[in-house]
Amino acid sequence: IVIPSIESWLSTYCARLNLLTQRLLVPSIAWVWMKAISNANILIWHSPARPKLPPRRQANGLLGLGLVSARLLPPDAIATKNLCPLLWEQVCLQMKGTMSQQESVSSCALPDSHASRILKWLCVSVRTDLKNLRQDCEDVALHLQGALAGDRGAFLHE
C-alpha cells in the first residue's frame with residue numbers, strides 16, 4: 001500500500017495547475033513547488049501528519065500559501081477571518097523565503113480577473129471547495145508558524 005506524501009500531492013496539484021493554465025505559468029508554479037517542498041520539510045520535521053491534518057491537506061495549504069507568495073493570488077483570497085493578519089503576513093513571507101522586517105507581502109501581480117481564475121483553478125486542482133481550501137491554508141499557516149517559532153526558540157536556547 002502506497003500512502004501519498006505531501007510531495008506527491010504537490011506534484012500532482014502543480015501538474016494539474018500547469019495543464020489548466022496551458023503551461024503559461026510553468027516557471028512560477030515550479031518556484032511555488034520548490035518553496036512548498038522546502039516548507040513541507042519544516043512541517044514534517046516539527047509536526048508530522050495527523051488525522052486532522054493529513055498530507056493532502058498540508059499540500060493544499062502549502063500550495064495556496066505558495067501562490068500568494070509568488071504573487072499569483074492576493075493574500076485575502078485564501079485567508080480566513082480567524083487568522084490574525086500579521087501572522088498571515090509572516091507565514092507568507094516565510095513561504096517567500098524572507099523574514100526581513102522591511103519586507104511585506106506584495107499584492108497580487110495579476111489583474112483581479114486573472115487572480116480569480118487562478119483561485120478557481122487552484123480549487124479544481126486540489127479538488128476541494130474554497131471554504132475547505134482556506135481552512136487548509138490556515139491550519140498549515142498555524143503549524144508552519146509554530147514550527148518556525150520552535151526553531152527560533154531552539155536557536156536562542158542553544
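All values derive from a computational prediction rather than experimental measurement.
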Original post:
Is there any side chain to side chain donor-acceptor pair (under 3.5 Å) pair reaching into residues 73-84, and which pairs are they, with sequence neighbours excluded?
Top reply: T80-E138
Original post:
Which side chain to side chain donor-acceptor pair (under 3.5 Å) pairs, counting each pair once, include a residue from residues 110-126, with sequence neighbours left out?
Top reply: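 Checked against side chain to side chain donor-acceptor pair (under 3.5 Å) - neighbours excluded - no pair reaches residues 110-126.
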Original post:
Nearest 0.5 Å, what's the CG-CD1 distance between L20 and I118?
Top reply: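 Interatomic distance, L20 CG to I118 CD1, rounded to 0.5 Å: 9.0 Å.
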**OP:** Could you tell me the separation between the OH atom of Y13 and the CG atom of N60, rounded to the nearest 0.5 Å?
**Re:**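 One gets 4.0 Å once the value is rounded to the nearest 0.5 Å.
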Please name the pair of heavy atoms, one in [X] and one in [Y], separated by the smallest distance, quoted to 0.1 Å.
X	Y	value
P74	A115	CD-CB, 3.9 Å
A70	V32	CB-CG2, 3.6 Å
C123	L133	SG-CD2, 3.9 Å
A59	L10	O-CD2, 3.5 Å
P55	S5	CB-C, 3.9 Å
N132	T128	CB-OG1, 3.1 Å

Do the side chains of [Y] and [X] get nearer than 4.5 Å, heavy atoms only?
X	Y	value
L63	C14	yes
N39	V140	no
L17	L25	no
L43	L62	yes

Original post:
Any donor and acceptor pair, going by atom type alone, linking the side chain of Q58 with main-chain N or O of L53 inside 3.5 Å?
Top reply: yes
Subject >> Short side-chain to backbone donor-acceptor contact, R134 and A77, under 3.5 Å >> reply: yes
Original post:
Are there more than 12 heavy atoms of other residues, nucleotides or ligands under 6.0 Å from atom CG of L24?
Top reply: yes
**OP:** Would you list the pairs meeting salt bridge (Lys or Arg N to Asp or Glu O under 4.0 Å) in which at least one residue belongs to residues 13-28, sequence neighbours left out?
**Re:**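 Not a single pair qualifies under salt bridge (Lys or Arg N to Asp or Glu O under 4.0 Å).
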Subject >> Sequence neighbours excluded - salt bridge (Lys or Arg N to Asp or Glu O under 4.0 Å) pairs with any residue from residues 56-69 >> reply: R57-D136, R57-D139
Using the rule that two of Ile, Leu, Val, Met, Phe, Trp, Tyr join whenever any of their side-chain heavy atoms come within less than 4.5 Å, decide whether [X] and [Y] are in one cluster.
X	Y	answer
L130	L72	yes
I29	V26	no
L19	W31	no

**OP:** Return the set of residues passing side chain to side chain donor-acceptor pair (under 3.5 Å) with S11 (not counting sequence neighbours), or none when no residue passes.
**Re:** W33
Original post:
What residues, two or more places apart in sequence or in another chain, satisfy side chain to side chain donor-acceptor pair (under 3.5 Å) together with W9?
Top reply: none
**OP:** For side chain to side chain contact (heavy atoms under 4.5 Å, CB included), just list the numbers for I78 and L67, CA-CA rounded to whole Å, side-chain angles, deciding distance to a tenth of an Å, and then say yes or no.
**Re:** CA-CA 10 Å; I78 57 169; L67 290 171; over 6 Å; no
